[in-house]
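Atoms considered below: every heavy atom in the structure, side chains included; atoms not considered: hydrogens, waters and symmetry mates. The structure presented is a predicted model; accordingly, all values stated were derived computationally and were not measured. Residue indices begin at 1 and follow the sequence shown.
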Amino acid sequence: MNYRLGTLGLIAAMVLSFPSHAQDEEYASSDEASSDSVKARLGQHLYVSPMFSYLKAADARGTDDGLGGQLSLGKSLTSGLNLELTADYLVADGKTGGGTATITGVGIGAMVFPLTSLPDLYVPIALKRGQVKENPGIIPDYGTTLFDIGLGYLLSLGDFGGYFPGAALRTEVKYRIDAHGREQAGNDPTTSDKSFYEGVASIGLLLPLGAAAAPAAPAESTEPVAVVDTGADSDGDGVTDELDQCPDTPAGTAVNESGCPLEATPVAEPSSPCETPAAGEAIDLNGCKTGDTVVLRGVNFELDSARLTANAKTILDGVADSLLAAQALHVEIGGHTSSEGSDSYNLKLSDNRAEAVRQYLLARGVEGSRLTVKGYGEGSPVADNASAEGRELNRRVELKVTEGGAAPAEAAPVEEAAPAEEAAAVEETAPSEEAAPVEEAAPAEAAPVEEVAPVEAEPTPVEGEPAPEVIDAQPVQ
């Protein structure tokens, strides 16, 4: 019992020795050193891990080395810790031909990732309840406690045919203690050791289950929150040094995507209607017309998911205010991804991300009838996917005005003004010049002109007096 309590204490000590990793409840996506790692791409998905195992048996066990396998079901909890339910099965032939021993174990395990510089290097730890059958020696069958600790590494396999994005080759070597607590176990009568000390080497796969997570329900609070930490960050404001335009921000200050304090950011009007605003500029949709597109810079998501970052929500608050101020606008929310992963996976991810933006805008009061969504996947890149900078630009959200924008031209008022100007010209121009246009423009109106003269009992007009005729005709027009 004391030995088992000691092994539990050792596991707890190993986990607690990496507190900086265990505090990460969310994942960031902009750190170039780790964003392409297997661990980062795993996100917070469940995974299954089948492995083939080789047992380096202890001499005291009385068997040759053994073969078998291990199966684990796990979940990534933080950027430094995975927890697993694990089971393994090993067989080993007796050295003296006395049969084949079987060793099984079921328990809990962990993958601890201690180094940010080597994000896919991990320490495997497991504590299992074991059962041994037909082992050589006086006690062939016994229950035991199996404790494993070692070193492992994950090697990316890409999207594994599109079925398991983030799949990896998993390799590890472990030191195992078979704490059976029986001096007569095994076939070495000269030892009174109550444990076997052995080695286990395993190789297999780590296969994430499921695609991108469903969009999270928008938070009710609209208070600005500091951007999630994404890497090298001298002032600790959550924006990497290479993107930080305000490198000396005081600790705890809420910042925008450029690393500058929200309350100190100058609000500038866009340089021209419907242009994508630069960092620090307010989003203003006034003056947009049907077909115009605005890129929502800074509206980013957690890695490999449709969960909005805290900074993205702050930016979307401004988008919602602009849409509420321009009630006539209907917009399409378009989601775009980089080329990492399969086409079908990226298409679904982009659609989920566009829907996440729509849900947030709905929560801010924008009417659902004004918002449509469409995922474009990786099909509309704006930069080269071969570089990290290009992939970052391709991962974007756009607003496209589909209805209710400003009219493209003011043609109607011009057409209405022209007749009025012509009428004025008719009154001011000499009658001899007006006679011909009146007859050409409205030949059907000539008859009413001839009928007006007799009704007013005027003497027959004398030739050479056209002015009264023109004046009489003017009201008819």
Pair V200, Y54 - check side chain to side chain contact (heavy atoms under 4.5 Å, CB included), show working.
CA-CA 6 Å; V200 179; Y54 173 82; over 6 Å; no
I want to check something: taking the side chain as every heavy atom from C-beta on, are [X] and [Y] in contact at a cut-off of under 4.5 Å?
{"X": "I108", "Y": "L83", "value": "no"}
{"X": "V299", "Y": "R353", "value": "no"}
{"X": "L296", "Y": "L316", "value": "yes"}
{"X": "L155", "Y": "V38", "value": "no"}
{"X": "I125", "Y": "F147", "value": "yes"}
{"X": "R396", "Y": "S380", "value": "yes"}
{"X": "I177", "Y": "L146", "value": "no"}
{"X": "V295", "Y": "V382", "value": "no"}

What residue pairs, at least two apart or across chains, pass ring pair (Phe, Tyr, Trp, His ring centres under 6.0 Å) with a residue in residues 379-403?
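The answer is none; no pair qualifies.
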Before you tell me yes or no, could you show the steps for L206 and M111 under side chain to side chain contact (heavy atoms under 4.5 Å, CB included), namely the whole-Å CA-CA distance, both residues' side-chain angles and the distance that decides it to 0.1 Å?
CA-CA 12 Å; L206 187 147; M111 298 170 67; 4.3 Å; yes
I'd like to know if the side chain of [X] and the backbone of [Y] have a donor-acceptor N/O pair within less than 3.5 Å.
{"X": "S49", "Y": "L205", "result": "yes"}
{"X": "T144", "Y": "A179", "result": "yes"}
{"X": "R391", "Y": "E340", "result": "no"}

Approximate separation, where rounding is to 0.5 Å, of [X] [atom1] and [Y] [atom2]:
{"X": "E378", "Y": "N346", "atom1": "CD", "atom2": "CG", "value": "4.5 Å"}
{"X": "T290", "Y": "L329", "atom1": "OG1", "atom2": "CG", "value": "8.5 Å"}
{"X": "L347", "Y": "Y376", "atom1": "CG", "atom2": "OH", "value": "11.0 Å"}
{"X": "L73", "Y": "T86", "atom1": "CG", "atom2": "OG1", "value": "10.0 Å"}
{"X": "I203", "Y": "Q70", "atom1": "CD1", "atom2": "CD", "value": "13.0 Å"}
{"X": "I333", "Y": "L399", "atom1": "CD1", "atom2": "CG", "value": "6.0 Å"}

Can you name the residues that form a ring pair (Phe, Tyr, Trp, His ring centres under 6.0 Å) with Y47, not counting sequence neighbours?
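In terms of ring pair (Phe, Tyr, Trp, His ring centres under 6.0 Å), with neighbours along the sequence ignored, Y47 is linked to no residue.
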Grab the two heavy atoms, one from [X] and one from [Y], that are nearest each other, plus how far apart they are.
{"X": "G335", "Y": "A354", "answer": "N-CB, 3.8 Å"}
{"X": "A306", "Y": "A356", "answer": "O-CB, 3.3 Å"}
{"X": "L121", "Y": "P114", "answer": "O-CD, 3.5 Å"}
{"X": "D120", "Y": "K39", "answer": "OD1-N, 3.0 Å"}
{"X": "G152", "Y": "P124", "answer": "N-CD, 3.8 Å"}
{"X": "L393", "Y": "A383", "answer": "CD1-CB, 4.0 Å"}

Test side chain to side chain contact (heavy atoms under 4.5 Å, CB included) applied to V319 and V357, step by step:
CA-CA 10 Å; V319 175; V357 172; over 6 Å; no
I'd like to know if K400 and E398 make a salt bridge, using a cut-off of under 4.0 Å between side-chain N and carboxylate O.
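Result for this pair is no, no salt bridge flagged.
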N-O pairing of D292 and K289 below 4.0 Å:
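The answer is yes: the pair qualifies as a salt bridge.
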With side-chain hydrogen bond (donor to acceptor under 3.5 Å, both in side chains) as the criterion, how do N394 and N385 come out once you've worked through the C-alpha distance, each side chain's angles and the decisive distance to 0.1 Å?
CA-CA 8 Å; N394 289 334; N385 278 299; 2.9 Å; yes
Would you check, one step at a time, whether the test side chain to side chain contact (heavy atoms under 4.5 Å, CB included) holds for R395 with N300?
CA-CA 8 Å; R395 293 190 286 265; N300 299 321; over 6 Å; no
Parallel, tilted or perpendicular: which describes the rings of Y122 and F113, with under 30° parallel and over 60° perpendicular?
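Rings of Y122 and F113: tilted, as their planes differ by 30° to 60°.
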Atom NZ of K75 with >12 non-hydrogen neighbours under 6.0 angstrom
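Yes - once you tally the heavy atoms of other residues, nucleotides and ligands closer than 6.0 Å, there are more than 12.
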Would you list the pairs meeting salt bridge (charged side-chain N to carboxylate O under 4.0 Å, His left out) in which at least one residue belongs to residues 81-92, sequence neighbours left out?
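As it turns out, the salt bridge (charged side-chain N to carboxylate O under 4.0 Å, His left out) pairs with a partner in residues 81-92, which skip direct neighbours, are E84-R170, D88-K128, D88-R176.
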